Engineer: 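The following block contains the structure, expressed as structure tokens.
The model shown is predicted, which means the values in this text are computed figures rather than measured ones.
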Amino acid sequence: MQRLHRSLLLAARSSPLARHRPPLPVPLHPLFPLHRPPPPRTLPFSTAALPTPPPRDGAPTAQPTADALASLEAAERQESSGDHQKALDLALKALGPLQQAHGGWSLPVARALRLAGAATCRLGSLADSLDSLEAAAEIVDPLQGGGAEAATVAAAVHDQLARTKTAIGRRWEAVASFQRALELKCRFLGAGSAELGDAYRDAAEAYAGVLCFDKALPLCLKALEIAEKRSGEGSAEAAKVRRVLVVAYTGLGRNEEALEQNELVRMEYERLGLDAELSLIEIDGASLRILLGRTEDAMNELKKVMKRANKESEERALAFVAMAKILCSEERSSDSRRCLEIARETLDAKRSVNTERVAGAYTEISMLYESMNEFEMSLCLMKKTLAFLEGASGMQHIQGSISARMGFLLLLTKRIDESVPFLEKAIEKLKNCFGPMHFGLGFAYKHLGEAYIEMGQPESSIKFFGLASDIINAAFGPKHEDSIEILQCTANAYGLMGSYKNAMDFQQRVIDAYESCGPGSDYEIREAHRLLEQIRKKAEGSPSAVFPANTLPVLPEN
């Protein structure tokens, strides 16, 4: 595959015009400030440097050659037709002459870089794609005063940058790029255009994907408004938006509203005769009914799916997983296991085109086995799911969640050395996918701290408990049991280090936290006081001190 050469990007981005760039515009959405790109850097390619001709009075040295512009337009046509290798070749052919003609700081150069970035993304070279698109973004952002053309190019750049970041596992950063693309499209697209509706839906999906459901909801409602005005309330276009709306309402705990939207989608798919999609939406509806406590209705819905679906179909397997969840909640473990076995047999035998759906099913199955205390089966399925996801694009959020759960189960079953790599991998992926304050990241830090205590490294554990405390406190508040437990873990770690003053300070914070919870915490308060007394005795050198502080005293044999 032909690649962007190393120095061309540096030359394109190092024009003397760059020294006189206006400041980057402030984005319209306050949650995500526009990322200021780093200084120009080279890409990992190997051809010789392309010199940058000196500009005259800060203006381009020449007009782009007709051949270069023709190559650029041909590349755009090849992109539309789906021939990404040809699009890449033509974009690279145009890039050098365009850079020479405009000194690098121009919309045609940005268009060429966007095309190269989009093509390399679709051809699987995500690192090259990211470098190319970040270069394009650095060029277009200062050119926002250029009217509709500049906004159009910039929107295309940020839209593709968002998709590449999603594919590479940087979902949190991708949200800002989707939001930026939406803001730019609002400048030049008609208020009711289909493309603008798609942009609202893309941004809503991005927010929902990082669990910011409150941000997703208004964007999704706007997308639905546009879809209904264009195609009607019962259209396939509106149904596509409603599926995102179901996710947003569910994430916000508004399950009745989610079920209402789910039913509207179900009616549309039934009208269109889309049996596979209908089965999936009915399984989603059953899951919502489970959340609402309507297990009998959910069971009836799943039986309808099983009756309609092919015996070896993926939809039928997913219905069995949902049914197993109901049976498990009713403590019918043997029936639940049988449903899981049937689902696994089907999923194991079938090669799915939807990687995320199957990975989600295996994850659900493993969690159900865990809830039945079958930890080895759960771990086996999680390992299998990670192997299934290896090399899959855009699946890092699932990989991170599974790695975190595996790390916890290995810690729980005292396989400490095995747990640490999974927890470290989980932290990296969860941070990229959900941002630095995601509650799952907080629990991964906590478990990693506990692992270091088990390995006799309490000094290392202190750092991770501190990171965990910041996240869990922000997510659930200081009175939450997990927030208090992290304080207790920190007190224990300081005690193991012999830092008794710090240990007593944190133990007192545990007492204060329980006392703030009210009269229902009497037992916890008494236990926290007992532990404080044990730390104090240890600090005084008392041989009768029970240590570590959270262990119970050992009774004498006689």
Engineer: Are side-chain heavy atoms of Ser333 and Arg337 found at a separation under 4.5 Å?
Structural biologist: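 Yes, at least one pair of side-chain atoms sits under 4.5 Å.
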
Engineer: What verdict does the side-chain contact (heavy atoms from CB on, under 4.5 Å) test give for Thr490 and Ile462, after you've listed the backbone C-alpha separation in whole Å, the side-chain angles of each residue and the deciding distance to 0.1 Å?
Structural biologist: CA-CA 6 Å; Thr490 309; Ile462 295 293; 4.1 Å; yes

Engineer: Run the numbers on Arg114 and Glu79 for side-chain contact (heavy atoms from CB on, under 4.5 Å), then give the verdict.
Structural biologist: CA-CA 11 Å; Arg114 188 208 67 80; Glu79 180 187 42; 2.7 Å; yes

Engineer: Atom CG of Leu389 and atom CD1 of Ile398: how far apart are they, to the nearest 0.5 Å?
Structural biologist: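 With rounding to 0.5 Å, CG (Leu389) is 6.0 Å from CD1 (Ile398).
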
Engineer: Who are the side-chain hydrogen bond (donor to acceptor under 3.5 Å, both in side chains) partners of Arg201, not counting sequence neighbours?
Structural biologist: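 Per chain and number, Arg201 pairs via side-chain hydrogen bond (donor to acceptor under 3.5 Å, both in side chains) with Asp198.
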
Engineer: Taking C-beta and beyond as the side chain, do Leu182 and Cys186 meet within less than 4.5 Å on heavy atoms?
Structural biologist: yes

Engineer: Quick one: list whatever passes salt bridge (charged side-chain N to carboxylate O under 4.0 Å, His left out) with Glu315, sequence neighbours left out.
Structural biologist: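 Residues passing salt bridge (charged side-chain N to carboxylate O under 4.0 Å, His left out) with Glu315: none at all.
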
Engineer: When you measure from the side chain of Ser378 to the backbone of Glu374, do you find a donor-acceptor pair of N or O atoms at a distance under 3.5 Å?
Structural biologist: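 Pair absent, no side-chain N/O of Ser378 close to backbone of Glu374.
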
Engineer: Hey, are Gln261 and Arg242 close enough side-chain-wise for a donor-acceptor pair under 3.5 Å?
Structural biologist: yes

Engineer: If you look at every heavy atom in Ile365 and Ala343, which pair is closest and at what distance?
Structural biologist: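 For Ile365 versus Ala343, the nearest heavy atoms are CD1-CB, 4.4 Å.
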
Engineer: Please report the closest heavy-atom contact between Leu381 and Ser366, naming both atoms and the distance.
Structural biologist: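 What the structure gives for the nearest pair is CB-CB, 3.9 Å.
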
Engineer: Flag the pair Asp482 and Lys446 as a salt bridge only when some basic side-chain nitrogen lies within less than 4.0 angstrom of an acidic carboxylate oxygen.
Structural biologist: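 The answer is no: the pair does not qualify as a salt bridge.
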
Engineer: Checking the side chain of Asn262 only, and the main-chain atoms of Ile281 only, is there a donor and an acceptor separated by less than 3.5 Å?
Structural biologist: yes

Engineer: Is it true that a side-chain atom of Thr120 and a backbone atom of Ala116 form a donor plus acceptor pair closer than 3.5 Å?
Structural biologist: yes

Engineer: Could you tell me whether the side chain of Arg254 reaches within less than 4.5 Å of the side chain of Leu217, counting heavy atoms only?
Structural biologist: yes

Engineer: Quick one, Arg316 with Thr346, criterion side-chain hydrogen bond (donor to acceptor under 3.5 Å, both in side chains). Give me CA distance, side-chain angles, the key distance, then yes/no.
Structural biologist: CA-CA 9 Å; Arg316 191 168 182 268; Thr346 303; 5.5 Å; no

Engineer: Can you check salt bridge (charged side-chain N to carboxylate O under 4.0 Å, His left out) on Arg180 and Asp159, steps first, answer last?
Structural biologist: CA-CA 8 Å; Arg180 184 65 178 145; Asp159 185 87; over 6 Å; no

Engineer: Pair up each side-chain donor or acceptor in residues 418-438 with any protein partner under 3.5 Å, not counting sequence neighbours, and list the distances.
Structural biologist:
| from | atom 1 | to | atom 2 | distance (Å) |
| --- | --- | --- | --- | --- |
| Ser419 | OG | Ile416 | O | 2.8 |
| Lys431 | NZ | Tyr445 | OH | 3.4 |
| Asn432 | ND2 | Glu428 | O | 3.4 |

Engineer: Please tell me if the side chains of Glu524 and Ser521 come closer than 4.5 Å, counting only heavy atoms from C-beta onward.
Structural biologist: yes

Engineer: Within the 4.5 Å heavy-atom criterion, are Leu409 and Met382 side-chain neighbours or not?
Structural biologist: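 Yes, close enough: below the 4.5 Å cut-off.
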
Engineer: Among residues at least two apart in sequence or on other chains, which ones pass side-chain hydrogen bond (donor to acceptor under 3.5 Å, both in side chains) with Glu233?
Structural biologist: none

Engineer: Main chain of Cys121, side chain of Ser125: is a donor-acceptor contact present, judged purely on distance under 3.5 Å?
Structural biologist: no

Engineer: According to ring-ring contact (aromatic ring centres under 6.0 Å, His included), who are the partners of Phe408, at least two apart in sequence or on a separate chain?
Structural biologist: His447

Engineer: Looking only at atom types and distance, does a side-chain atom of Ser313 sit under 3.5 Å from a main-chain N or O of Ala309, one as donor and one as acceptor?
Structural biologist: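 The answer is no, because no donor-acceptor pair under 3.5 Å joins these two groups.
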
Engineer: Hey, is the main chain of Gln399 close enough, under 3.5 Å, to the side chain of Ser403 for a donor-acceptor pair?
Structural biologist: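 Checked: pair present.
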
Engineer: List the atom of Ala298, the atom of Ala286, and the distance in Å for their closest heavy-atom pair.
Structural biologist: CB-O, 3.4 Å

Engineer: Tell me, please, which residues at least two apart from Glu270 pass salt bridge (charged side-chain N to carboxylate O under 4.0 Å, His left out).
Structural biologist: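 Only Arg266 meet the salt bridge (charged side-chain N to carboxylate O under 4.0 Å, His left out) criterion with Glu270.
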
Engineer: Can you name the nearest heavy-atom pair linking Ala203 to Phe178, along with the distance?
Structural biologist: CA-CB, 4.3 Å

Engineer: For Lys240 and Glu237: C-alpha separation, side-chain torsions, deciding distance, then whether salt bridge (charged side-chain N to carboxylate O under 4.0 Å, His left out) applies.
Structural biologist: CA-CA 5 Å; Lys240 193 173 182 180; Glu237 185 182 346; over 6 Å; no

Engineer: Determine whether Glu376 and Arg415 satisfy the following criterion, salt bridge (charged side-chain N to carboxylate O under 4.0 Å, His left out), listing intermediate values before the conclusion.
Structural biologist: CA-CA 12 Å; Glu376 294 307 317; Arg415 283 170 278 185; 2.6 Å; yes

Engineer: Which residues pass the ring-ring contact (aromatic ring centres under 6.0 Å, His included) test with Tyr452, sequence neighbours left out?
Structural biologist: Phe464

Engineer: Tell me if a side-chain donor or acceptor on Ser132 pairs with a main-chain N or O of Asp128 at a distance below 3.5 Å.
Structural biologist: no

Engineer: Give me the atom names and distance for the closest heavy-atom approach of Asp417 to Met455.
Structural biologist: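 Nearest pair, atom of Asp417 first, then Met455: OD1-SD, 3.8 Å.
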
Engineer: Got a sec, which residues hit side-chain hydrogen bond (donor to acceptor under 3.5 Å, both in side chains) with Glu260, two or more places apart in sequence or on another chain?
Structural biologist: none

Engineer: Please enumerate all residues that pass salt bridge (charged side-chain N to carboxylate O under 4.0 Å, His left out) together with Lys479, with sequence neighbours excluded.
Structural biologist: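 Not a single residue meets the salt bridge (charged side-chain N to carboxylate O under 4.0 Å, His left out) criterion with Lys479.
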
Engineer: Please list all pairs meeting side chain to side chain donor-acceptor pair (under 3.5 Å) that have one or both residues in residues 382-394, counting only residues at least two apart or in different chains.
Structural biologist: Asp348-Lys384

Engineer: If you look only at pairs with a residue in residues 465-474, which of them pass as a salt bridge (Lys or Arg N to Asp or Glu O under 4.0 Å), with sequence neighbours excluded?
Structural biologist: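 Every candidate salt bridge (Lys or Arg N to Asp or Glu O under 4.0 Å) pair involving residues 465-474 fails, so no pair, neighbours aside, qualifies.
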
Engineer: Given 3.5 Å as the limit, does a donor-acceptor pair link the side chain of Ser81 with the main chain of Gln78, or not?
Structural biologist: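 It does hold such a pair.
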
Engineer: Is there a donor-acceptor contact under 3.5 Å from the side chain of Ser469 to the main chain of Phe465?
Structural biologist: no

Engineer: I would like to know whether Glu282 and Arg308 meet salt bridge (charged side-chain N to carboxylate O under 4.0 Å, His left out); could you show each step before the answer?
Structural biologist: CA-CA 11 Å; Glu282 287 177 340; Arg308 181 194 314 114; 2.8 Å; yes

Engineer: Under a 4.0 Å N-O cut-off, is there an ion pair linking Arg294 with Asp297?
Structural biologist: no

Engineer: Salt-bridge test for Glu341 and Arg338: reply yes if a basic N is under 4.0 Å from a carboxylate O, no otherwise.
Structural biologist: yes

Engineer: Restricting to ring-ring contact (aromatic ring centres under 6.0 Å, His included), what partner residues turn up for Tyr362, sequence neighbours left out?
Structural biologist: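 Expected list: none.
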
Engineer: So, do Met299 and Arg289 sit near enough that their side-chain heavy atoms are less than 4.5 Å apart?
Structural biologist: no

Engineer: Indicate yes or no: at least one non-hydrogen side-chain atom of Glu527 is less than 4.5 angstrom from one of Leu531.
Structural biologist: yes

Engineer: Could you walk me through whether Thr363 and Ser401 satisfy the side-chain contact (heavy atoms from CB on, under 4.5 Å) test, starting with their C-alpha distance in whole Å, then the side-chain angles of each, then the deciding distance to 0.1 Å, before giving a yes or no?
Structural biologist: CA-CA 9 Å; Thr363 305; Ser401 298; over 6 Å; no

Engineer: So does Gly190 get a backbone contact from the side chain of Ser193, meaning a donor-acceptor N/O pair under 3.5 Å?
Structural biologist: yes

Engineer: Could you tell me which non-hydrogen atom of Gln396 sits nearest to which non-hydrogen atom of Thr166, and how far apart they are?
Structural biologist: OE1-O, 4.2 Å

Engineer: With the side chain counted from C-beta on, respond yes when Thr250 and Val246 share a heavy-atom pair under 4.5 Å apart, and no when they do not.
Structural biologist: yes

